[in-house]
Amino acid sequence: MLDPRPVRQICHGTEWRESDPDTLLEVNGPVPHRSWSVRTTIAGETIRPGDDIQQRLSRLDYFLLMFPPSQLTLMHLLMNEEIQKINTFTPATHQAMTKGELLKFFGVIILCTKFEFGNRASLWSRTAKLKYIPAPCFGDTSMSRTRFDLLFRCLRFSYPPAFRPIGMAHETFRWMLVDDFVDSFNKMKPEAGCEVQNAADGESGVILRLKLVKTELEAREDDGLTLGTRVAKYLVEQWARTDRIVCGDSFFASVATAKELKSMGLRFIGVVKNASSHYPMTSNRGDHKGLVHLDTDGNPDMMAFVWVDRERRYFISNCSSLVEGDPHVRNRWRQGDDVEAGPRREELTVPTPKVCNIYYDTCAAIDQNNRHRQDNLQIERKIETKNWATRVGTTILGMCIVDAWLVYKGATGTSETQSEFYSWLAEELIDNSYDKDPIWRSTGSVTEASPPQHLFDSRTGAGRSAIQAHLTPTKRKRKVKGVIMQNQFYQSQCVVCASKFKGQKRKGFKSSFLCSICNDESLDSTAAESKVWLCHSKYGRNCFAEHMAACHSSQYSLASTLVHVSNFEVFSLLQ
């Protein structure tokens, strides 16, 4: 039996049929609306729009929800390694950085965007240059200019080799400087420097996933897919089989993308270019006309249509319909028949189908996020640097800060402006108590609970002076010719230094500090040979961090999970 719907065009073997009744039905069925939410893993709490009207969470909490915890840990380790390298060639005057100080460093960076300055050193001046404009006085943040410059010099976002390997292209090596930050961001458009393709939530505007354009060879990969389809698939594969709607611009939009995302269990709406393969190529303003493509069962699975506003827009979609939606209303000046009367303001109403409403309500989310970062936050403009990795890294940091603002605004319904939020966030970052109080944050989840077991010594039951893995000083005193020196602690060879200088004349350093985990597991509490001695980080050495990574990776991960609020997972209508 012949299909009564006539074939109007055949494009590269793809048949497009005319059927107005089918265009008025939901292609592939209706899609329920899903509002966005942010889930914290510590308390299992889910934050939705309007859930935090009482503002139980601080702005700092929202920032930590948006900033990947693994990235904070990685930056802390890498920057301390750079500080240690500086101490190796100069007197060890630079103390190791804590995670709380790293957050303070972020706060000072945000604070810099609030001032106009030619020389960054002027921000620490206490002498006002103009009578009615007070001096910035950044010294009040308790971070000196020397310390800030040191941290900025040691700023690292990824874990690259110290030198470019022989035979590796410079372009490939350069991307290794930021790859870890991008991976951390994706597990949870810079102004200059590189091209970034990203996916954002259409309702909240939060950036969900990034892909950095690296080399031309990547664009030439031959997997049977177009470049736009390949990138779109990568950006949204995390939400496969969720029946969400993906809206893409002309870089991503094609018949191939609609088919590929449909096979992944996702819907797609996009504006295609005139020469798009397999796409059929009416018309007064507001007119719209659609053709449908049928699957093997004879049901419409794709719709191609043109909608005319000031210019023709060609759409490809595998969801929604051409049912009349909310019209576009604009005010325009129009000259009437009476030339002497002059132009008059008229309201122009443009009929709009439902599928176009969905697209235009969400298509600007990424551009708006970029504009928030570039024009309101302005980290890239105020913190100038010629280092490529620092530029890209601070851009992604800016995305995290803007995302924190968007989630904070949606959850609290606050009336404060972006500028006010960034100022308050800078203050909370600078005055943070992250190192002193890492677990008991303002989540309200730890109140009447019994104290965790890791707060007590596993052998004696005595309370501990620190939580999780840490360096603990030995209680043993030094002996000199059989005489106990009451004012001197016993010292022994650092195990990490000993392994580094094994076979060399130099034996490394001695220390009076022990690994708390190894000390708890030691059966003999008196024998020095059974202890694990480690250099303290205050001397600019990373022996404790290296020992943790090598011997206690599971405890280290647990500590990281407890210390940080959480990474984020955003569930929403992907548009």
Side-chain angles (χ1 to χ4, degrees), residues 63-64 66-90 93-113 117 119-121 123-124 138 141-164 173-185 190-194 196 210 212 373 377-402 404 422 425-426 429-430 432 434-435 537 540 542 545:
F63 172 76
L64 292 175
M66 295 296 105
F67 194 85
S70 59
Q71 181 63 26
L72 190 67
T73 301
L74 178 63
M75 292 181 65
H76 173 244
L77 293 177
L78 294 180
M79 292 175 68
N80 273 332
E81 285 184 2
E82 295 300 317
I83 294 174
Q84 178 184 355
K85 291 177 183 177
I86 295 175
N87 285 337
T88 302
F89 299 102
T90 61
T93 57
H94 302 302
Q95 293 184 351
M97 178 190 67
T98 65
K99 291 181 180 178
E101 188 178 17
L102 178 56
L103 292 177
K104 177 179 291 190
F105 175 69
F106 290 161
V108 175
I109 287 179
I110 299 174
L111 193 62
C112 290
T113 66
F117 56 92
N119 183 4
R120 197 162 61 208
L123 295 174
W124 275 262
F138 272 32
T141 64
S142 75
M143 178 173 287
S144 67
R145 179 174 67 87
T146 304
R147 185 65 173 175
F148 180 88
D149 290 341
L150 172 70
L151 297 184
F152 195 80
R153 173 185 173 185
C154 297
L155 188 59
R156 297 293 183 273
F157 298 95
S158 188
Y159 199 77
F163 302 98
R164 175 159 57 101
F173 175 70
R174 184 177 67 173
W175 283 106
M176 297 175 68
L177 302 176
V178 293
D179 266 344
D180 286 342
F181 200 177
V182 176
D183 290 342
S184 297
F185 188 98
E191 197 167 87
C194 69
V196 179
L210 303 177
L212 294 136
R373 188 188 76 253
L377 184 58
Q378 298 185 353
I379 285 182
E380 294 116 319
R381 297 182 182 180
K382 294 297 183 70
I383 307 297
E384 297 182 355
T385 177
K386 295 182 180 180
N387 184 288
W388 183 90
T390 302
R391 166 59 59 235
V392 178
T394 52
T395 292
I396 302 177
L397 172 63
M399 291 180 183
C400 296
I401 295 171
V402 171
Y422 298 144
L425 175 61
L429 283 166
I430 292 171
N432 77 85
Y434 195 89
D435 296 326
S537 57
N542 277 344

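Worth saying up front: this structure is predicted, and the values here are computed from it rather than measured.
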Chemist: Exactly one of Ile379, Thr113, Val402, Leu111 should register a side chain to side chain contact (heavy atoms under 4.5 Å, CB included) with Tyr422. Which one does?
Modeler: Val402
Chemist: Report the distance from atom CG of Leu151 to atom CG of Leu102, rounding to the nearest 0.5 Å.
Modeler: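 Here the interatomic distance stands at 8.0 Å.
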Chemist: Nearest 0.5 Å please: distance from the CD1 atom of Ile109 over to the CD1 atom of Ile401.
Modeler: 8.0 Å
Chemist: Run the side chain to side chain contact (heavy atoms under 4.5 Å, CB included) check on Leu64 and Leu103 step by step: do they pass?
Modeler: CA-CA 10 Å; Leu64 292 175; Leu103 292 177; 4.1 Å; yes
Chemist: Nearest heavy-atom pair of Cys400 and Phe67: which atoms, and what distance?
Modeler: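 The pair with the smallest heavy-atom distance is SG-CD1, 4.0 Å.
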Chemist: Would Phe148 and Phe138 count as a close aromatic pair, with their ring centres under 6.0 Å?
Modeler: no
Chemist: To the closest 0.5 Å, what do you measure between CD1 (Ile83) and CZ (Arg153)?
Modeler: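 Between Ile83 CD1 and Arg153 CZ, I get 10.5 Å after rounding to 0.5 Å.
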Chemist: Is the closest side-chain heavy-atom distance between Leu78 and Phe157 below 4.5 Å?
Modeler: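 Side-chain contact under 4.5 Å: no.
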Chemist: Is any side-chain heavy atom of Phe63 closer than 4.5 Å to one of Asn432?
Modeler: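 The answer is no; the side chains never approach within 4.5 Å.
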Chemist: Closer than 4.0 angstrom, basic N to acidic O: yes or no for Glu101 and Arg147?
Modeler: yes
Chemist: Could you measure the distance from the CG atom of Leu77 to the CG atom of Leu72? Nearest 0.5 Å is fine.
Modeler: 10.0 Å
Chemist: Return the CG to OG distance between Leu74 and Ser158, rounded to the nearest 0.5 Å.
Modeler: 6.5 Å
Chemist: Find the distance between CG (Asn387) and CG (Leu155) and round it off to the nearest 0.5 Å.
Modeler: 8.5 Å
Chemist: Donor-acceptor check, side chain of His76 to backbone of Met97, threshold 3.5 angstrom: yes or no?
Modeler: yes
Chemist: Do Leu210 and Met399 have side chains that get closer than 4.5 Å, going by heavy atoms?
Modeler: yes
Chemist: Taking C-beta and beyond as the side chain, do Phe105 and Met75 meet within less than 4.5 Å on heavy atoms?
Modeler: no
Chemist: Does the side chain of Arg373 reach to within under 4.5 Å of the side chain of Thr395, using non-hydrogen atoms?
Modeler: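 Counting from C-beta outward, Arg373 and Thr395 do come under 4.5 Å.
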Chemist: Heavy-atom distance under 4.5 Å between the side chains of Asp149 and Arg120, does that happen here?
Modeler: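 Result yes, sub-4.5 Å side-chain heavy-atom pair found.
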Chemist: Is there a side-chain contact between Lys104 and Ser142 in this structure, where contact means two heavy atoms from C-beta onward sitting under 4.5 Å apart?
Modeler: yes
Chemist: Do Phe152 and Thr390 have side chains that approach each other closer than 4.5 Å (heavy atoms only, starting at C-beta)?
Modeler: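 Counting from C-beta outward, Phe152 and Thr390 do come under 4.5 Å.
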Chemist: Using only atom types and a distance under 3.5 Å, with no angle test, would you say the side chain of Asp435 pairs donor to acceptor with the backbone of Gly100?
Modeler: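 Yes; at least one donor-acceptor contact below 3.5 Å.
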